[in-house]
Amino acid sequence: MSEISIAAPPIARKERKETPLHGVVLTDDYAWLRDKENPDVAAYLEAENSYAEAVMAPQTALREQLYDEMLSHIRQTDISVPYRDGLYWYYTRTEEGKQYSIHCRKRGTFSAPNEDAKEEVLLDGNVMAEGHPFFAIGAVDISDDARWMAYTVDYTGFRQYTLYIKDLETGELLPGTVGRVGSVVWAADNFYLFYTVEDEEQKRQYQMWRHMRGTPHAADVLLYQDDDERFNVGAGRTRDGSYIVLESASHTTSESWVLKAGDPQGEFRVICKREDEHEYGVDHRNGLWYIRTNDKGRNFRLVTCPVGEEQRENWIERIPHRDDVMLEDVDLFKDFYVACDREGGLPRLRLFRFIGVGPLTERSGEIAFPEPAYSAHPHINRVFDTPTFRYAYQSLVTPNSVYEFDPENGRSTLLKQVEVPGGFDRTLYASERVHATASDGVQVPISIVYRRDKFAGVPTDRSSSVGWKREPGKNPLYVYGYGSYGYSLPLGFGSNRLSLLDRGVVMAYAHIRGGGDLGKPWHDAGKMLVKRNTFTDFIAAVEHLTASGYGDPSRVAAEGGSAGGLLMGAIANMRPDLFRAIMSHVPFVDVMNTMLDASLPLTVPEYEEWGNPNEEQYFKYMLSYSPYDNLKATSYPSMLVKTSLHDSQVMYWEPAKYVAKLRTLKTDNNPLLLVTNMKAGHGGASGRYDYLKEIAFDYAFLLKELGMLGTD
């Protein structure tokens, strides 16, 4: 591995802090980095940034080359597929040289926008972002009469959004704003607006308010407050527009309240009172509730019941629970519904047509997808009474595409596929799906993509039950992982990846336990007291890939972010010998100190994901893998650790403390870089060009550490 030959890195001072619990004394020499207002903290972070820039200075030309390459694969002036909502067709467009999208609409017919109609610009992110280092639009909802728009904006990256109301007829903003707003939804009368608000300490959406348009926000009415710190509230409307739905949910339990959208001053009533471990969601059609529930199994089923008769004894099963198929969602329309399943780690879209106005249906077919690894999900479908259904499809080699499916003839029509300029030819690339055997015998799916003419592996045995055997790998190998919260790893197309694939990097995505790729049981098998399965699954995936010839064992890089950054920290401690480089973004690495601090955002709600360390069995288990607490004097891979000063989910001090401590322990000369975006939050830079520059930095680090600086 490469050695650093420049000035020594910054060394953070030590101020010992001790936390005794369960017979163990946790020591923390860098807790002082939590003091965001301390000028020494900013000075340390800036010193680390300067050091990282100095280390990467020889790759300045490469970073510029990578940026230009990635930019060449983006159609900078573009427009999204318009979707209908009422009398208007809505879309976003981008303009070359501008960082942010422009949100627009045009009047149109039932089937298409009127091209001669005047374009109305609803929100121009470029104008709104002027004078702000960060900009992001949150929730947006437009009233049924299409005149009033409620929207929220974050100007810091802390994911703290401010509510505005705009008169789309005059273009004027109504007086007054509300801070810390999450979801927004208009009532059917176009007059009352419902919104949710987070508390000031824990950043938890916990209240619902009702606002009467034209009145001061001081007169807004508090309708609901959830005092259980595990729960967040959100609001929306059923697709048919008949009801407003208020949902309060933790990681394992949910509860829904409903109100007729035409009766905004009425009383919300509960569908099914909360019970621990019972999650459900609700939609409405023709006087029936359609309820997706896990009351009979972890993978959910679909039931119906009449409005006003929500008791469990009135629930009639429409789709049963299946042990091997996860019912992820149900998209409900007037004449059909779409069951969004996940089977074998891949999404399925299955259609059911209604027979008359009642709940009886007949199977209408399944949308077929041609590739071994892909992502597919419903697109924007705002119209309840529609003859067609829109969905999005992409894969590791197929750009993002929007299709319209006609249940009458079972045909899909491509509406738009994202153009990838710069000479992209999808036939040059291949994707595969293989499985690794975990330490307990479980089969872990892995999705792989590479450029055919750059791939050095040679298929030698097609009869192998675990995939083709290959000659020893010569390609550098990149492996990405997440594995938390039941989140299914998406297999989308990324034009930025071409800069690695075209240089011969084989890229793999490990669908490890803790994620949702194989349903709720897959999530359950990688959280709480079995969380270590997530880490050992990833290690098994890497070992399988190198043993099968997909990559050179001496040139393996890994990447993960947020909870995936926890994964990166854990594997670096468990198997540092397996990796040449690790890239860790906004990593959750200080598990013990964070989960013992109930005042921090997310801590209490996430007891249901990681465990409560105030209980001894969870404390000891979490301590066994917490990356910060398990750093030791040994040789570590080259590391790039990135964070943002205004991150509200994984506070900047976690990666800062991690790097500071690791610098005092590591016995190698491999690069250890900490890069802090001083003007952004959890997702990094908000502007699309600024974001590309961040990716170019990452890729330059990766190529340098994989020994590929001479590769075009």
Side-chain angles (χ1 to χ4, degrees), residues 42 45-46 48-57 59-78 80 92-103 123-138 152-161 400 418 420-422 492-500 559 561-562 565 583-587 640-650 652 655-656 673-703:
L45 297 177
E46 293 286 13
E48 287 282 6
N49 282 347
S50 297
Y51 174 71
E53 283 292 341
V55 172
M56 293 296 291
Q59 280 69 56
T60 299
L62 174 60
R63 288 162 61 182
E64 293 174 353
Q65 179 185 353
L66 289 166
Y67 175 83
D68 290 341
E69 284 178 12
M70 291 186 286
L71 191 61
S72 75
H73 292 307
I74 297 174
R75 184 176 178 183
Q76 297 182 61
T77 299
D78 204 359
S80 68
T92 60
R93 57 181 178 83
T94 55
E95 295 181 2
E96 184 171 351
K98 294 185 177 181
Q99 293 267 26
Y100 299 99
S101 296
I102 303 168
H103 300 253
L123 298 172
D124 185 339
N126 305 287
V127 174
M128 298 168 69
E130 289 179 0
H132 300 281
F134 183 92
F135 168 77
I137 296 172
T152 65
V153 179
D154 172 19
Y155 285 114
T156 68
F158 197 63
R159 296 193 178 182
Q160 197 165 83
Y161 293 87
N400 190 20
V418 170
V420 184
F493 180 85
S495 61
N496 296 339
R497 279 200 305 257
L498 298 176
S499 290
L500 297 182
E559 182 178 6
S562 196
M583 295 195 300
S584 191
H585 293 255
V586 291
L640 171 60
V641 181
K642 302 186 77 174
T643 186
S644 295
L645 186 63
H646 303 303
D647 194 337
S648 63
Q649 291 174 262
V650 179
Y652 72 88
L673 306 183
L674 172 66
V675 176
T676 303
N677 187 324
M678 305 296 283
K679 299 177 180 179
H682 196 64
S686 58
R688 57 177 179 158
Y689 298 109
D690 293 340
Y691 180 72
L692 281 186
K693 291 176 182 177
E694 292 190 341
I695 300 300
F697 186 100
D698 296 352
Y699 283 6
F701 172 85
L702 189 70
L703 293 172

Euclidean distance, Lys679 NZ relative to Ser644 OG, rounded to 0.5 Å: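 Taking OG in Ser644 and NZ in Lys679, the distance rounds to 12.5 Å.
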Glu95: partners by side chain to side chain donor-acceptor pair (under 3.5 Å), with sequence neighbours left out: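 Partners of Glu95 by the side chain to side chain donor-acceptor pair (under 3.5 Å) criterion, ordered by chain and then number, come out as Arg93, Lys98.
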Any donor-acceptor pair under 3.5 Å from [X] side chain to [Y] backbone:
X: His73; Y: Pro421; answer: yes
X: Thr676; Y: Leu645; answer: no
X: Thr94; Y: Gln76; answer: yes
X: Gln99; Y: Tyr689; answer: yes
X: Tyr652; Y: Asp647; answer: no
X: Thr77; Y: Glu96; answer: yes
X: Thr92; Y: Ser80; answer: no

How close do [X] and [Y] get, heavy atom to heavy atom, and via which atoms?
X: Pro587; Y: Val641; result: CG-CG1, 3.9 Å
X: Ala52; Y: Leu673; result: CA-CD2, 4.1 Å
X: Ile74; Y: Ser495; result: CG1-OG, 4.2 Å
X: Ser562; Y: Val650; result: OG-CG2, 3.9 Å

Test salt bridge (Lys or Arg N to Asp or Glu O under 4.0 Å) on Arg63 and Glu53; report intermediate values, then the result. CA-CA 11 Å; Arg63 288 162 61 182; Glu53 283 292 341; 3.1 Å; yes
Between the side chains of Thr156 and Asp154, is a donor N or O closer than 3.5 angstrom to an acceptor N or O?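 There is such a pair between these side chains.
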Do Val153 and Leu123 have side-chain heavy atoms sitting under 4.5 Å apart?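 With C-beta onward as the side chain, the pair stays apart.
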For Phe135, enumerate each residue passing the ring pair (Phe, Tyr, Trp, His ring centres under 6.0 Å) test, keeping only those at least two apart in sequence or located in another chain.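 So Phe135 forms a ring pair (Phe, Tyr, Trp, His ring centres under 6.0 Å) with Tyr100, Tyr155.
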Run the side chain to side chain contact (heavy atoms under 4.5 Å, CB included) test on Leu62 and Gln65 for me, step by step, so that the C-alpha distance in whole Å, both residues' side-chain angles and the decisive distance to 0.1 Å come before the verdict. CA-CA 5 Å; Leu62 174 60; Gln65 179 185 353; 4.1 Å; yes
Which residue pairs pass the side chain to side chain donor-acceptor pair (under 3.5 Å) test when at least one of the two sits in residues 124-133, sequence neighbours left out?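 Pairs touching residues 124-133 that pass the test: Asp124-Asn126.
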Does the side chain to side chain contact (heavy atoms under 4.5 Å, CB included) test come out yes or no for Gln59 and Leu703, once each step is laid out? CA-CA 10 Å; Gln59 280 69 56; Leu703 293 172; over 6 Å; no
Audit row: Gln160, Ser648, side chain to side chain contact (heavy atoms under 4.5 Å, CB included) steps and yes/no: CA-CA 9 Å; Gln160 197 165 83; Ser648 63; over 6 Å; no
